[in-house]
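Input: a single structure, listed below in structure tokens.
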Amino acid sequence: MIGVLFVCLGNICRSPMAEAVFRHMVAEQNLTDHIKVDSAGTGDWHIGNSPHHGTQRILDVHQIRHDDLRARQVQASDFEQFHYIVCMDEDNVRDAKSFAKRAHNAELVRLLDYVADEPLRNVPDPYFTGNFEQTFELVEKSCKALLHHIRRQHQI
Ligand code: 4NP
């Protein structure tokens with residue numbers, strides 16, 4: 001099983017959006033038995049909460065399930081459980097690293113690293129921008145590229 005963990009700050013806007021979009025694509029491509037998907041936040045303020053209503057609304061527009069998503073914080077064991085720790089921005093990369101307790105093989109990356117032709121390197125946080133459409137478009141485009149990368153890397 002290949003593990004993919006999406007990470008943002010609060011785990012209510014960007015990373016649950018990426019989790020929902022990515023697992024939808026994984027299911028569409030019949031890869032549910034090969035890839036497990038989760039998300040977490042570096043902060044602890046929203047633990048146990050459903051995604052932000054803006055994230056829920058944009059996922060509803062695109063008919064992507066999100067009802068079971070609840071926020072949780074990154075934990076040390078994530079670095080053993082997940083191969084790809086896919087962060088939304090550079091702060092998330094720095095903060096996520098601080099949860100790792102020992103040497104690990106997880107690949108700590110930014111989601112937009114998978115999209116070469118995109119000038120933005122950090123996924124804008126709609127908690128502050130209010131623009132859930134922009135974030136959704138970036139998440140969708142880069143999740144598609146990430147899945148392509150994983151399929152090639154693991155020959156699945
Ligand atoms: P996220 O957005 O990291 O995309 O989930 C945020 C959500 C909540 C807060 C900050 C960012 N907050 O400060 O509560």
Side-chain angles (χ1 to χ4, degrees), residues 2-28 35-101 104 106-150:
I2 303 154
V4 178
L5 179 72
F6 294 100
V7 172
C8 65
L9 178 57
N11 194 211
I12 54 166
C13 294
R14 293 166 295 172
S15 62
M17 190 190 293
E19 177 184 357
V21 166
F22 194 71
R23 76 177 179 186
H24 184 79
M25 291 175 180
V26 165
E28 274 182 340
I35 304 176
K36 78 167 172 182
V37 190
D38 198 0
S39 69
T42 58
D44 62 2
W45 315 285
H46 300 285
I47 292 172
N49 291 354
S50 297
H52 190 286
H53 57 85
T55 287
Q56 293 195 34
R57 189 175 314 134
I58 194 84
L59 291 170
D60 286 341
V61 166
H62 293 272
Q63 300 185 341
I64 296 172
R65 276 191 54 218
H66 57 74
D67 49 285
D68 59 326
L69 302 182
R70 297 294 179 271
R72 73 166 177 91
Q73 193 171 27
V74 176
Q75 51 196 33
S77 61
D78 288 331
F79 291 83
E80 275 111 61
Q81 304 280 315
F82 295 93
H83 297 79
Y84 298 88
I85 301 198
V86 184
C87 299
M88 298 299 132
D89 63 37
E90 58 199 334
D91 292 347
N92 305 151
V93 174
R94 183 199 61 211
D95 296 340
K97 269 183 194 160
S98 69
F99 286 85
K101 290 236 175 70
H104 59 85
E107 225 176 278
L108 204 54
V109 293
R110 272 186 292 180
L111 182 57
L112 286 174
D113 289 345
Y114 296 101
V115 193
D117 65 349
E118 170 53 57
L120 286 176
R121 299 285 86 208
N122 296 316
V123 178
D125 191 342
Y127 189 78
F128 301 109
T129 67
N131 192 342
F132 286 85
E133 287 78 12
Q134 177 201 26
T135 295
F136 183 87
E137 278 167 29
L138 289 166
V139 162
E140 189 179 42
K141 177 158 89 168
S142 44
C143 278
K144 203 180 276 185
L146 170 60
L147 186 51
H148 189 73
H149 169 84
I150 290 174

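These numbers come from the heavy atoms of this one structure, side chains and all, not from hydrogens, waters or symmetry mates. Just so you know, ligand 1 is whichever comes first in the structure, and atom 1 is the first atom listed for that ligand.
Using a cutoff of 4.0 Å between basic side-chain nitrogens and carboxylate oxygens, Asp91 and Arg94 are scored as salt-bridged. Ionic pairing of Arg65 and Asp67 is present here: one or more N-O contacts between side-chain nitrogen and carboxylate oxygen are shorter than 4.0 angstrom. Salt bridge annotation for Lys141-Glu118: present, with a cationic side-chain nitrogen under 4.0 angstrom from a carboxylate oxygen.
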Under 3.5 Å, N/O to N/O: give me all the pairs between ligand 1 and the protein, one per line with atom names and distance.
unit_1: ligand 1; atom_1: 2 (O); unit_2: Asp125; atom_2: OD1; d: 2.9
unit_1: ligand 1; atom_1: 2 (O); unit_2: Asp125; atom_2: OD2; d: 3.1
unit_1: ligand 1; atom_1: 3 (O); unit_2: Leu9; atom_2: N; d: 2.9
unit_1: ligand 1; atom_1: 3 (O); unit_2: Gly10; atom_2: N; d: 2.8
unit_1: ligand 1; atom_1: 3 (O); unit_2: Arg14; atom_2: NH2; d: 3.0
unit_1: ligand 1; atom_1: 4 (O); unit_2: Arg14; atom_2: N; d: 2.9
unit_1: ligand 1; atom_1: 4 (O); unit_2: Arg14; atom_2: NE; d: 2.8
unit_1: ligand 1; atom_1: 4 (O); unit_2: Asp125; atom_2: OD1; d: 3.3
unit_1: ligand 1; atom_1: 5 (O); unit_2: Gly10; atom_2: N; d: 3.4
unit_1: ligand 1; atom_1: 5 (O); unit_2: Asn11; atom_2: N; d: 3.3
unit_1: ligand 1; atom_1: 5 (O); unit_2: Ile12; atom_2: N; d: 3.1
unit_1: ligand 1; atom_1: 5 (O); unit_2: Cys13; atom_2: N; d: 2.9
unit_1: ligand 1; atom_1: 14 (O); unit_2: His46; atom_2: NE2; d: 2.7
unit_1: ligand 1; atom_1: 14 (O); unit_2: Tyr127; atom_2: OH; d: 3.4

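Legend: residues meeting ring pair (Phe, Tyr, Trp, His ring centres under 6.0 Å) with His148, ordered by chain and number and at least two apart, are absent. Partners of Ala76 under the side chain to side chain contact (heavy atoms under 4.5 Å, CB included) rule, at least two apart in sequence or in another chain, are Lys101.
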Side-chain atoms of residues 2-21: list all donor-acceptor pairs with protein atoms under 3.5 Å, sequence neighbours left out, distances to 0.1 Å.
unit_1: Asn11; atom_1: OD1; unit_2: Arg72; atom_2: N; d: 2.9
unit_1: Asn11; atom_1: ND2; unit_2: Ser15; atom_2: OG; d: 2.9
unit_1: Asn11; atom_1: ND2; unit_2: Ser39; atom_2: OG; d: 2.9
unit_1: Arg14; atom_1: NH1; unit_2: Asp89; atom_2: OD2; d: 3.0
unit_1: Arg14; atom_1: NH1; unit_2: Val123; atom_2: O; d: 3.1
unit_1: Arg14; atom_1: NH2; unit_2: Asp125; atom_2: OD2; d: 3.3
unit_1: Glu19; atom_1: OE1; unit_2: Ser39; atom_2: N; d: 3.4
unit_1: Glu19; atom_1: OE1; unit_2: Ser39; atom_2: OG; d: 2.7

